[in-house]
A.B. asks: 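Take a look at the following structure, please.
Fair warning: this is a prediction, and the values are worked out from it, not measured in the lab. We count ligands from 1, going down the list as the structure has it; atoms in each ligand are counted the same way.
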Amino acid sequence: MSYYITLSILMYFCINVVVGATNNIPKFSSILVFGDSTVDTGNNNDLIISVAKANHEPYGRDFPSHVPSGRFSNGKLVPDFIASYLNLKDTVPPYKDPNLSNDELLTGVNFASGGSGFDDYSSVFSHSIPVSNQIEYFKDYVGTIKEIVGEDKAKQILGDALVIISAGSNDVIINFYNLLTRKLEYNISGYQDFLHNNLQTYIQVGKIL
Ligand SMILES: *[C@@H]1O[C@H](CO)[C@@H](O)[C@H](O)[C@H]1NC(C)=O
Ligand SMILES: *[C@@H]1O[C@H](CO)[C@@H](O)[C@H](O)[C@H]1NC(C)=O
């Protein structure tokens, strides 16, 4: 299932980073995150309508300063831990935070949105930001980085970024098996192919920027 495949992409980075920590920590310039609630650090906080919000108790009770930051967790999430291991920063801020400093922007941000997936239709129910729209925000982000440091340095920073993508569970568990609409269109293997094709398209867009 795509759920396991995307989680294993995440695990691959974790293992690499943890192994790297005991030898040579790879030199990543920044961290960029896309996906769903497994990695969202607060992009849904300001959405007017969303069933996928976590900026309220009991979330965040073990987070630094015990703030319910919008993470679907009692504490930090995997991207935060990875950013710490890489000595980039302690937490990865949501891109939708209106007060991001240049330093935060340059060391990496998070585009993930709880309730979303590789299928835009998965966000209709949760009113979240689908991965396809996260890529649109990423395009804006690239423009901002170029404004801050110039074209060449921006290419270097983006080229050396660690990218984490974690999604697929909302597509398969909620969209395909619960809402049933996609089931009229695809069987599970056809739906998996559809998700993988979308993911490939998103990665291609990211590569050409
Ligand atoms: C952003 O900064 C302004 C001015 O410092 C402040 O009024 C506002 O509350 C901040 N917003 C967030 C979401 O932190
Ligand atoms: C899924 O549908 C395709 C045709 O769209 C078919 O070739 C394939 O055998 C089906 N797979 C399963 C597991 O039913």
A.B. asks: So, the side chain of Asp160 versus the backbone of Ser29: is there a donor-acceptor pair under 3.5 Å, distance only?
C.D. replies: no
A.B. asks: Can any side-chain N or O of Asp80 pair as donor or acceptor with the backbone N or O of Val92 at less than 3.5 Å?
C.D. replies: yes
A.B. asks: Can you check which of Ile188, Asn187, Asp193 brings a heavy atom nearest to atom 3 (C) of ligand 2?
C.D. replies: Asn187
A.B. asks: What's the shortest distance from atom 13 (C) of ligand 2 to any protein heavy atom, and which residue and atom give it?
C.D. replies: Ser189 OG, 4.1 Å
A.B. asks: Would you say atom 11 (N) of ligand 2 touches the protein, meaning some protein heavy atom is under 4.0 Å from it?
C.D. replies: yes
A.B. asks: Can a protein heavy atom be found under 4.0 Å away from atom 5 (O) of ligand 2?
C.D. replies: no
A.B. asks: Would you say Asp152 has more than 12 foreign heavy atoms packed within less than 6.0 Å of its CG?
C.D. replies: no
A.B. asks: Quick one: does Tyr191's side chain get under 4.5 Å of Asn175's, heavy atoms only?
C.D. replies: yes
